[in-house]
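Not measured: the values here are computed from a predicted model. For ligands, and for the atoms within them, numbers begin at 1 and follow the listed sequence.
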Amino acid sequence: MATSTWFTNENPGLRHFWHPVATIDDLDGDGPHPIRLIGEDFTLARLNGQWSVLPSACPHRLAPLSAGTIVDGQLRCAYHGWCFDSEGTCVSIPALGTEPAIPKAAHLRPAADVRERYGIVWVALEPPKTPIPMIEEWEDPRFGKAILPIHSWNASAAQMADNFLDVAHFGFTHLGTIGDPDDVEVAPFNLERHGWSFTSVHHHRSKVLSDATSGERHNFETFDRTMSFRLDAPHHVRLHIDYGPDGDLVLMFFHQPIDVDTTAVYLIMLAENIADGRMTPEDHIAFQMAVGKEDRDLLEQLVVKGVPLDLTVECHTRADKTTLELRRLLRDVAAL
Ligand code: FES
Ligand SMILES: [Fe+2]
């Protein structure tokens with residue numbers, strides 16, 4: 001099957017949705033910074049207090065604008081000094097002196113929208129079909145935060161969302177962390193589609209998180225828990241888990257489709273047991289790194305870096321209802 005019938009990180013429909021491109025903490029000032037999204041290079045800069053995403057190449061002689069400097073709130077190209085404002089308008093061509101004749105082709109087309117939220121810079125290349133995914137607990141004092149360093153996987157964002165939504169792999173892929181070989185059956189569950197999102201709710205028995213963190217494979221306490229998933233288009237995943245005695249935990253997986261075989265994952269965790277001091281952000285980060293490594297080791301072995309849009313390519317069962325809905329939603333993204 002041709003890869004064009006697969007949903008990859010370079011699907012043009014992705015231009016109509018929000019993507020994270022950097023954390024404020026990782027950016028060293030206003031820029032300009034080079035960024036890569038959906039297989040294209042761009043320039044990120046804060047001009048007059050507003051983040052802008054402009055093409056990577058200067059329209060004059062194609063010098064990288066990320067090599068330029070910010071002067072008086074404008075981005076100045078390092079080669080011949082052409083200056084651009086936050087809308088991409090070329091406002092100065094020094095070689096022409098005071099002549100006002102700036103050619104039409106000197107102007108850049110900026111990304112449709114750029115915002116800062118949750119300490120992350122978000123970009124929509126075209127007018128976005130949805131809002132930035134919501135973290136309902138962000139301001140809630142009952143929750144403490146743990147934020148993983150950004151890391152890149154050799155996989156597509158669709159495959160990573162597929163994996164994070166999947167409840168049938170825990171007892172096999174995650175035997176070193178959250179997996180329980182005695183809990184592999186997926187009970188019937190509820191799934192609802194709402195426009196560009198869907199939710200699914202799973203009830204099952206689980207180990208107590210603090211036992212799992214200790215790395216001991218035996219004598220786990222178990223309890224009934226509920227895992228509530230939400231997928232926000234194109235491939236951002238929210239997972240809310242009630243960890244019984246360990247309190248509620250929310251994981252937000254945001255994905256930056258960098259190019260066809262590379263995805264950066266931004267994982268923000270919000271946990272009640274951080275706010276009440278029973279666990280530290282470092283405990284959560286170490287544990288999720290261990291869980292993520294199990295997924296990553298498997299996922300990076302998949303040869304095609306995409307998810308098939310032809311639903312007959314894979315074999316689906318009732319246990320795969322959530323990840324099947326992901327494929328349906330991605331078909332809608334691809335149809336834009
Ligand atoms: S290449 Fe940018 S001003 Fe000439
Ligand atoms: Fe997993």
Engineer: Restricting to pairs with a member in residues 49-69, which pass side-chain hydrogen bond (donor to acceptor under 3.5 Å, both in side chains), not counting sequence neighbours?
Structural biologist: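 Qualifying pairs, neighbours excluded: Trp51-Glu116, His60-His80.
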Engineer: Any salt bridge between Asp276 and Arg142, counting N to O under 4.0 Å?
Structural biologist: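 Result for this pair is no, no salt bridge flagged.
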Engineer: Below the 2.8 Å mark, what number of protein N, O or S atoms do you get around atom 2 (Fe) of ligand 1?
Structural biologist: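 Protein heteroatoms (N, O, S) closer than 2.8 Å to atom 2 (Fe) of ligand 1 number 2.
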Engineer: Applying salt bridge (charged side-chain N to carboxylate O under 4.0 Å, His left out) as the test, list every pair that has at least one member in residues 145-154; sequence neighbours left out.
Structural biologist: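 Matches after skipping sequence neighbours: none remain.
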Engineer: Whether the side chain of Glu300 engages the backbone of Asp297 through a donor-acceptor N/O pair (distance < 3.5 Å, no angle test) should be reported.
Structural biologist: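 A pair under 3.5 Å: no.
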Engineer: For the residue pair His255 and His236, does the interplanar ring angle fall in the parallel (under 30°), tilted (30 to 60°) or perpendicular (over 60°) class?
Structural biologist: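 Because their plane-to-plane angle is under 30°, the rings of His255 and His236 count as parallel.
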Engineer: Kindly say whether the aromatic ring centers of Trp18 and Phe254 come within a distance under 6.0 Å.
Structural biologist: no
Engineer: Does Arg15 offer a backbone N or O that forms a donor-acceptor pair with the side chain of His19 under 3.5 Å?
Structural biologist: no
Engineer: Check for a donor-acceptor pair, side chain of Tyr266 on one end and backbone N or O of Val21 on the other, with a separation under 3.5 Å.
Structural biologist: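 Yes.
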Engineer: For the Fe ion (ligand 2), report each protein N, O or S atom nearer than 2.8 Å, sorted by chain and then by residue number.
Structural biologist: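 You should have found His169 NE2, His174 NE2, Asp295 OD1, Asp295 OD2.
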Engineer: Closest heavy-atom contact between Thr262 and Asn9?
Structural biologist: O-ND2, 3.0 Å
